Amino acid sequence: MNRAKEAIEGAQFRAKGKWYLAQQVDSFLEELSVYSEEDDREMERLEEEARSLRTEKSRLEEELQKAKSDLELRKGQSEEERQRRVCRELEQERDGLIEDIKALRRFRENFREAVVKDAEEILERLGELTSQKLL
């Protein structure tokens with residue numbers, strides 16, 4: 001685009017009386033025409049590149065938005081997964097505590113039975129002792 005402007009600014013024609021030489025003017029006009037065509041092609045190429053870049057920009061923006069959405073979803077899922085893991089751990093701890101309570105109840109019942117049995121044996125021995133044996 002600058003070449004046509006430079007050609008116009010740098011154009012110098014020799015005058016032959018009141019008129020410029022036709023060959024120089026024709027050569028200049030042809031040079032301007034070539035520059036104009038080249039500039040048009042360059043403009044079309046740049047416009048196509050700009051369209052391509054706008055399309056790529058739109059695609060990348062969509063990709064970025066999807067990635068952000070996926071990240072938010074994963075954060076939500078990982079928070080949900082963390083909550084599930086904590087619940088599983090708490091359930092396991094609860095189940096362990098329930099088993100401990102059952103074991104303590106069995107121990108208490110066994111201990112009571114042993115104490116009752118010992119007490120009964122002591123009472124039997126006491127019954128065997130007559131008052132004379134005590135004296």
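Keep in mind that this is a model prediction, so the values were computed, not measured. Just so you know, these numbers use all the heavy atoms, side chains as well, and skip hydrogens, waters and symmetry mates.
The backbone N or O of L32 sits nowhere less than 3.5 Å from a side-chain atom of S36 that would complete a donor-acceptor pair.
For the side-chain contact (heavy atoms from CB on, under 4.5 Å) with E47, the lone residue among E49, M43, R45 that qualifies is M43. Just one residue in the list Q83, R82, R84 forms a side-chain contact (heavy atoms from CB on, under 4.5 Å) with V86, and that residue is R82.
Contact check for Q92 versus D95: no side-chain heavy atoms found under the 4.5 Å cut-off. Looking at heavy atoms from C-beta onward, R112 lies in side-chain contact with R108 at the 4.5 angstrom threshold.
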In sequence, state the C-alpha distance, the side-chain angles, and the governing distance for E37 and V34, and then conclude on side-chain contact (heavy atoms from CB on, under 4.5 Å).
CA-CA 5 Å; E37 288 175 14; V34 169; 5.6 Å; no

Please step through salt bridge (Lys or Arg N to Asp or Glu O under 4.0 Å) for the pair E109 and R105, ending with a clear verdict.
CA-CA 6 Å; E109 289 305 314; R105 284 182 179 164; over 6 Å; no

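Residues meeting the salt bridge (Lys or Arg N to Asp or Glu O under 4.0 Å) test with R88, sequence neighbours left out: E81. For K102, the side chain to side chain contact (heavy atoms under 4.5 Å, CB included) criterion is met by I98, E99, R106, not counting sequence neighbours.
The CG atom of L71 sits 10.5 Å away from atom CG of L64, with the distance rounded to the nearest 0.5 Å. One finds the CG atom of L123 at 11.5 Å from the CZ atom of R125 (value rounded to the nearest 0.5 Å).
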All N/O donor-acceptor pairs, side-chain side in residues 52-60, below 3.5 Å, sequence neighbours left out:
from, atom 1, to, atom 2, distance (Å)
T55, OG1, R51, O, 2.9
E56, OE1, R59, NE, 3.3
E56, OE1, R59, NH2, 3.4
E56, OE2, R59, NH2, 2.6
K57, NZ, E61, OE2, 3.2
S58, OG, R54, O, 3.1
R59, NH1, E63, OE2, 2.3

